[in-house]
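Everything quoted here is computed from the prediction, not taken from an experiment.
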Protein chains: 2
Amino acid sequence: MVTIFDVVRHAGVSSSTVSYVLNGTRRISEATRGRVLRSVAELGFHPNAGARTLAGRRSHIIALVMPLHRGVYVPIMTEIAISVTTTARRHGYDVLLVTNDEGPEGVRRVAASGLADGVILMDVELDDQRIPALRAQGTQAVLIGLPDDPHGLSCVDHDFAAAGALCAEHLADLGHREIAFIGYGSGVYQRHAGYAERTLTGFRERAGQRGLRFLDRPCEGTYESTAGTLARIVADRPRTTGFVVQNEAAIGPLLSLLHSSGRSVPEDASVVALCPEQLAEQYAPALTAVSGPTRELGRVAVDQMIRRLTDARRGAQPEDERPLLTPTLTPRQSTARLSVPKEPS
Amino acid sequence: MVTIFDVVRHAGVSSSTVSYVLNGTRRISEATRGRVLRSVAELGFHPNAGARTLAGRRSHIIALVMPLHRGVYVPIMTEIAISVTTTARRHGYDVLLVTNDEGPEGVRRVAASGLADGVILMDVELDDQRIPALRAQGTQAVLIGLPDDPHGLSCVDHDFAAAGALCAEHLADLGHREIAFIGYGSGVYQRHAGYAERTLTGFRERAGQRGLRFLDRPCEGTYESTAGTLARIVADRPRTTGFVVQNEAAIGPLLSLLHSSGRSVPEDASVVALCPEQLAEQYAPALTAVSGPTRELGRVAVDQMIRRLTDARRGAQPEDERPLLTPTLTPRQSTARLSVPKEPS
DNA sequence: TCACCACGTCGAAGATGGTCACCATGGGTG
DNA sequence: CACCCATGGTGACCATCTTCGACGTGGTGA
């Protein structure tokens with residue numbers, strides 16, 4: 001094993017100098033710095049993680065707590081995890097993957113043992129049980145999602161209300177007057193996943209402002225449930241020409257159902273999806289979709305965490321931030337101007 | 001911060017006893033054990049990770065190296081990551097998420113610093129650059145996938161050949177004589193992802209044994225490329241009645257293309273997908289699919305790692321294992337007996 | 001020319017919180 | 001009485017960071 005003293009000998013400096021160079025703790029002349037770095041590279045020195053953690057009282061590790069539910073859109077979570085990891089690396093941190101099956105105890109363990117310097121929580125529920133645990137430990141935390149009471153921690157999330165509003169706006173611009181909103185299964189709403197509600201709220205509000213008639217229906221996302229949902233929508237509001245789908249699993253079924261019921265997209269019905277670009281492009285026709293900057297979510301979360309950690313190390317009270325990331329609507333082939341107005345004036 | 005000495009005072013024992021109880025290193029009488037555990041629980045003691053790592057010369061952390069490619073089937077990777085994490089926890093290990101953008105250097109860093117006791121590699125290429133780095137460090141490693149030269153490390157993978165064979169078998173049993181195999185885009189084969197080749201080999205072999213005529217075509221998975229692939233298949237072999245799809249992204253396009261070209265599934269064409277159950281169930285009709293036990297993959301990888309680590313700690317040479325997990329075919333609505341034989345005898 | 005200062009580096013002494021090889025004790029056994 | 005087993009205690013590490021007084025060097029102002 002290569003230790004710091006091997007570097008000390010090889011570079012002809014003291015161990016404190018090596019430490020200073022590697023941690024950037026103090027100004028070191030460019031010449032010495034270069035010599036040390038060359039020795040480090042040549043010997044393949046990597047400071048022992050345990051010793052560094054113990055002596056420095058920080059682990060250079062951020063814990064990322066991932067949800068386990070099926071039904072959450074997994075690739076999104078993964079994309080966030082990856083952007084968290086790469087961003088963390090850029091700041092010299094590694095990422096510990098923690099699953100949620102340990103519940104609040106997992107968070108407590110990771111924080112209390114000093115395994116991680118901070119915790120990033122994904123898929124936050126409105127009254128999340130892990131938050132009090134985090135507060136009690138005095139651990140730095142960043143949430144991806146918005147809980148009821150976020151004091152003492154930073155949050156970041158998509159601006160779901162804006163996303164919902166964008167959908168209404170776009171369909172209104174295209175002349176549609178009657179819209180149906182196809183949401184998630186009731187389980188998602190019961191889990192108090194705020195994003196579902198906020199999207200709906202944003203949609204409703206803007207739809208109201210634009211004078212649209214609208215209907216919203218939960219949907220489990222299976223073929224059968226989507227069929228049922230669509231049937232009820234058509235029964236209640238036969239003149240519906242615009243569809244907003246939030247449940248990604250329902251998109252496929254919805255398209256085939258529309259097709260098989262003789263309505264072609266976008267001539268007879270426009271469909272806006274709330275889903276990642278990648279998914280939207282896979283359908284035929286390609287879907288007009290509203291999506292938030294997923295990778296950004298992870299990046300911002302880590303940046304906030306780094307800020308909190310450096311603040312805390314300086315003895316300052318970290319500032320609670322709460323940015324919302326703006327989604328964008330990308331028009332594709334699934335929406336079109338209402339060509340034959342159902343209500344000629 | 002609660003240290004082991006707080007427990008020592010509270011329970012009235014020595015620090016080694018506390019350590020022994022917590023690590024199960026040694027027999028401790030039931031009475032003492034209970035007293036210690038009660039104190040630990042009462043004080044909320046969690047051994048300091050850094051100190052434990054330094055003193056014990058092991059971190060209780062397993063590094064999991066994840067690929068970054070888009071286009072690989074992400075949810076599978078995620079499912080593996082989750083099963084790795086939960087299994088590791090059952091053995092008292094945590095999981096460090098390492099992305100592949102650091103390349104072999106990432107693996108080297110994590111191993112040389114003692115940050116992780118072992119490394120699990122996903123998405124292994126045939127001549128993977130990270131493997132020599134691992135060998136040089138003398139780090140314990142388990143690969144998910146099969147490289148060219150796996151000596152000195154354990155591997156686990158699906159039995160892709162068996163999966164390919166199952167597809168051929170099933171279609172042959174149903175009376176189909178002409179089959180088309182729709183593979184991944186050429187990029188996947190160029191990356192030397194062994195699984196694509198092995199599936200194809202298994203399929204070809206069994207198809208040959210069963211006297212099937214078959215055709216295999218790569219496919220990028222977009223709507224356009226799938227359309228092109230299908231057109232060429234129909235042109236070359238108009239009597240094709242069975243389809244095997246390995247590229248999950250091509251499934252949706254394939255189904256709509258078959259539909260729009262007037263062939264209904266399964267009456268006119270049978271489709272077998274090589275994909276996870278979850279995905280297969282989302283289509284209409286639900287797909288007959290061959291899938292391997294994804295979670296099992298992560299579980300087995302971790303179990304192998306644990307075995308290697310305990311062997312190595314005992315001074316024994318860890319045994320290289322190389323199990324292949326058997327896939328299963330689940331019949332659903334997308335395959336049927338060929339009802340109107342094209343070649344009446 | 002000399003006192004003084006700022007800068008960069010050294011060296012050595014803790015501090016960090018557990019682990020584990022080795023040792024001590026005490027009661028039972030042949 | 002010698003020996004052994006079961007149990008629990010003692011203390012030497014583990015490898016780095018941090019801190020702090022000291023020191024050499026070159027520049028500055030009197």
*Counting only N and O atoms by type, is there a donor-acceptor contact under 3.5 Å from the side chain of Thr53(A) to the main-chain atoms of Gly50(B)?*
no
_Would you say that more than 12 heavy atoms from the other residues, nucleotides or ligands in this model lie under 6.0 Å from the CZ of Arg89(B), or not?_
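Correct, the count exceeds 12.
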Give the rounded distance in Å between these two atoms: [atom1] of [X] and [atom2] of [N].
X         : N       : atom1 : atom2 : value
Arg52(A)  : dT16(D) : CZ    : P     : 10 Å
Asp117(B) : dT19(C) : CG    : P     : 13 Å
Leu22(B)  : dT19(C) : CG    : C1'   : 12 Å
Arg58(B)  : dC20(C) : CZ    : P     : 7 Å
Ile4(A)   : dC14(D) : CD1   : P     : 16 Å
Arg57(A)  : dT19(D) : CZ    : C1'   : 13 Å
Asn48(B)  : dA15(C) : CG    : C1'   : 12 Å
Phe5(B)   : dT16(C) : CZ    : P     : 11 Å

*Bend angle of the helix from dT1(C)-dA30(D) to dG30(C)-dC1(D), end axes from five pairs each (to 10°)*: 40°
_Would Asp157(A) and Arg322(A) count as a salt bridge (charged side-chain N to carboxylate O under 4.0 Å, His left out) here? Give the steps._
CA-CA 8 Å; Asp157(A) 207 350; Arg322(A) 220 153 285 144; over 6 Å; no
*Where each residue is assigned the nucleotide of DNA chain D containing its nearest heavy atom, which of Thr17(B) and Gly56(A) is assigned the position nearer the 5′ end?*
Thr17(B)
Side chains of residues 310-318 of chain A: which donor-acceptor pairs under 3.5 Å do they make with residues two or more places apart or in other chains?
{"from": "Thr310(A)", "atom 1": "OG1", "to": "Ile306(A)", "atom 2": "O", "distance (Å)": "3.1"}
{"from": "Thr310(A)", "atom 1": "OG1", "to": "Arg307(A)", "atom 2": "O", "distance (Å)": "3.0"}

*asked:* Between Thr85(A) and Thr99(B), is there a side-chain donor-acceptor contact under 3.5 Å, judged purely by atom types and distance?
replied: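 There is no such pair between these side chains.
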Taking only the side-chain nitrogens and oxygens of [X], find out if one of them lies under 4.0 Å from OP1 or OP2 of [N].
X        : N       : answer
Ser19(B) : dT19(C) : yes
Asn23(B) : dT19(C) : yes
Ser14(B) : dG9(D)  : yes
Arg27(B) : dT7(D)  : yes
Thr3(A)  : dA15(D) : no

*Give, for atom CE of Met66(A) and atom CG of Leu97(A), the distance between the pair rounded to the nearest 0.5 Å.*
6.5 Å
*Calculate, to the nearest 0.5 Å, the distance between atoms CD1 and CG belonging to Ile76(A) and Leu297(A) respectively.*
9.0 Å
Check if the side chain of [X] and the base of [N] share a donor-acceptor pair of N or O atoms closer than 3.5 Å.
X        : N       : result
Ser16(B) : dG9(D)  : yes
Tyr20(B) : dA21(C) : yes
Arg26(A) : dG8(C)  : no

*What does Val18(B) touch in the nucleic acid at a heavy-atom separation under 4.0 angstrom: a base, only the sugar-phosphate, or nothing?*
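The residue Val18(B) makes no contact with any strand.
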_Options dT9(C), dG9(D), dC17(D), nucleotide nearest the side-chain atoms of Val13(B)_ =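 For Val13(B), the side-chain atoms sit closest to dG9(D).
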*With His60(B) via ring pair (Phe, Tyr, Trp, His ring centres under 6.0 Å) - residues at least two apart*: Tyr93(B)
*Name the residue closer to the 5' end of DNA chain C, choosing between Met1(B) and Thr25(B) according to the nucleotide with the nearest heavy atom.*
Met1(B)
*Taking the nucleotide of DNA chain C with the closest heavy atom to each, which residue, Thr32(A) or His46(B), is nearer the 5' end?*
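So the residue in question is Thr32(A).
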